[in-house]
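The structure appears right after this line, and notes come after that.
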Amino acid sequence: MYSMNPTPQTDGPLPASPDPLFDEPVMRRGTDSAKWNSDSRDDILPLWVADMDFRTAPPIIDALRQRVQHGIFGYVSVPAACDQALINWCARRHNWSFPAEHILHTSGVVPAISAVLRALTRPGDGVLVQTPVYNCFFSSIRNMGCRAITSPLRPEGDHYVMDFEDLEQRAADPRTTVMLLCNPHNPVSRVWTPDELERLSDICRRHRLALVSDEIHGDLVLPGYRYTPCASLPGNQGSCITLLSAGKAFNIAGLQLAFIVCPEPETRRRIDKAINIHEVCDVNPFGVAASTAAYTHGEEWLKRLMIYLQGNYRELCDFFSRHLPGLPVTRLEGSYLVWVDCRSLLPGPAGDPGRADAEPSLADRLFNATGLRLNGGELYGAEGYGYLRWNIACPRRLLRDALDRFRRFVASL
């Protein structure tokens with residue numbers, strides 16, 4: 001019924017550069033940036049935490065400037081215009097429609113995950129995830145007194161696929177009650193196809209698992225791929241719970257607004273109660289202004305961003321092909337997070353999860369030697385041991401600096 005995503009070509013000329021929106025360096029030192037102020041050393045080059053070193057879209061800056069000029073920043077209720085902007089965006093770009101009454105608001109997608117798990121689980125329940133996966137999944141599951149049930153993704157060539165037989169087996173355990181999906185997937189950057197999502201959804205329906213989908217990276221999809229909201233599939237329109245935010249795509253994560261789209265009224269009531277129990281019901285007025293502007297006027301900026309990120313990805317792939325051919329680069333389909341297999345750099349058996357607690361980690365050794373900070377794959381589960389996650393959402397000049405530092409580090413080994 002559905003076709004698989006095509007594989008875009010990564011050879012040929014790079015997209016035109018510079019693009020003044022993204023090539024201009026922005027000084028982030030001294031701005032209380034968690035990314036850039038994480039260490040006091042002068043030569044730090046942080047390509048780790050998932051925010052971008054680009055200014056957000058000009059219409060968002062204009063909307064925030066107008067909000068600041070008002071001069072009063074009290075408690076805010078999310079207006080209908082903000083919800084409608086999200087609804088219009090999803091209908092126009094992703095062929096997914098839902099009414100405003102399905103929407104709940106909270107301060108971020110991670111608080112949303114915790115609130116949804118609070119509403120849907122009891123302590124001791126199993127929550128099924130596909131590893132390697134976003135590390136905050138594990139902390140939210142643990143904080144709710146639940147158990148992470150891991151179904152490892154399977155490497156296949158230059159990308160990962162779902163292991164449906166393993167998913168079926170783990171979903172069949174009656175103590176497992178929720179499937180927590182990452183779509184597109186962080187950190188392996190898969191944009192799941194409708195066929196894959198339908199097979200996963202069928203498993204959840206047959207085994208009565210609530211399906212919760214973190215889709216914060218849904219608008220960060222490279223040319224040649226298409227993001228499908230899991231809830232847009234015919235069998236999921238009355239059940240799948242979707243977590244959304246403009247934070248990643250428009251680099252406004254610090255403005256603290258996320259949306260929970262839940263079609264079932266009783267489940268929605270329970271989630272709303274959990275949001276209030278967790279005291280994450282109040283949102284930021286700047287998040288409201290920025291999200292409304294992003295979903296109303298941000299499309300052209302986002303299109304240019306994805307072209308620039310594709311150029312960065314091609315630059316990285318070309319560099320590894322020429323200088324580091326023994327380190328496989330996972331195919332980037334969505335997000336700006338590139339997953340690189342560095343197991344051959346490790347002492348002992350490659351990828352041995354039992355060595356995941358060894359000190360110092362590969363990421364720490366890299367940082368200590370060069371000032372380049374990447375995320376170590378062990379953060380995302382045992383299957384990530386020996387991998388590094390690169391955040392390539394930076395001006396190309398910084399990416400080239402990072403690649404050169406990494407090449408020198410590998411040569412020193």
Side-chain angles (χ1 to χ4, degrees), residues 1-2 4 109 112-156 159-188 190-216 218 228-243 260-264 266-268 270-271 274 353 380-384:
M1 178 167 66
Y2 299 103
M4 295 292 287
V109 164
I113 293 170
S114 295
V116 170
L117 292 181
R118 172 81 179 240
L120 297 181
T121 65
R122 296 178 179 179
D125 281 1
V127 178
L128 184 55
V129 297
Q130 295 170 296
T131 49
V133 74
Y134 179 43
N135 52 298
C136 286
F137 279 19
F138 298 113
S139 57
S140 289
I141 292 168
R142 183 175 60 250
N143 291 341
M144 293 304 103
C146 296
R147 299 172 294 115
I149 308 300
T150 61
S151 177
L153 296 170
R154 191 173 70 245
E156 189 171 279
H159 66 293
Y160 285 75
V161 297
M162 298 185 186
D163 187 334
F164 291 106
E165 291 185 5
D166 187 75
L167 274 172
E168 183 88 46
Q169 178 181 348
R170 297 180 191 280
D173 186 337
R175 297 170 297 176
T176 300
T177 57
V178 173
M179 171 77 212
L180 185 52
L181 174 68
C182 200
N183 175 41
H185 192 92
N186 173 14
V188 307
R190 273 302 315 278
V191 177
W192 301 119
T193 66
D195 280 343
E196 290 168 314
L197 293 172
E198 184 54 59
R199 290 187 66 181
L200 179 143
S201 301
D202 178 65
I203 290 171
C204 291
R205 285 190 292 268
R206 286 188 285 104
H207 296 288
R208 300 182 182 275
L209 269 62
L211 179 53
V212 182
S213 189
D214 170 4
E215 305 195 354
I216 195 171
T228 301
C230 193
S232 70
L233 298 177
N236 289 340
Q237 292 177 358
S239 57
C240 181
I241 299 167
T242 309
L243 315 179
I260 303 171
V261 182
C262 177
E264 204 283 311
E266 175 57 22
T267 303
R268 194 164 62 247
R270 289 158 58 192
I271 295 172
Y380 310 101
E383 294 79 13

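- Side chains of I141 and V129 form a contact here, defined as non-hydrogen atoms less than 4.5 Å apart.
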I'd like to know whether R154 forms a salt bridge (charged side-chain N to carboxylate O under 4.0 Å, His left out) with E383, so could you lay out the CA-CA distance, the side-chain angles of the two residues, the decisive distance to 0.1 Å, and finally the verdict. CA-CA 10 Å; R154 191 173 70 245; E383 294 79 13; over 6 Å; no
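- The main-chain N or O of F137 is never found under 3.5 Å from a side-chain atom of S140 such that the two would form a donor-acceptor pair.
- Atom CZ of R122 has 12 or fewer heavy atoms from other residues, nucleotides or ligands within 6.0 Å.
- Defined by atom type and a distance below 3.5 Å, a donor-acceptor pair is missing between the side-chain atoms of T242 and E215.
- Counting only residues at least two apart or on different chains, the salt bridge (charged side-chain N to carboxylate O under 4.0 Å, His left out) pairs with a member in residues 166-178 are D166-R170, E168-R206, D173-R175.
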Determine whether V178 and D125 satisfy the following criterion, side chain to side chain contact (heavy atoms under 4.5 Å, CB included), listing intermediate values before the conclusion. CA-CA 8 Å; V178 173; D125 281 1; over 6 Å; no
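- Partner of T228 under the side-chain contact (heavy atoms from CB on, under 4.5 Å) criterion, out of V191, T193, L233: L233 alone.
- Counting only heavy atoms from C-beta outward, the side chains of M162 and W192 approach each other to under 4.5 Å.
- Other residues, nucleotides and ligands contribute at most 12 non-hydrogen atoms within 6.0 Å of the CD atom of Q169.
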I241 vs L120, test: side chain to side chain contact (heavy atoms under 4.5 Å, CB included). Steps then yes/no. CA-CA 11 Å; I241 299 167; L120 297 181; 3.8 Å; yes
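- The salt bridge (charged side-chain N to carboxylate O under 4.0 Å, His left out) check on E165 picks up nothing, with sequence neighbours excluded.
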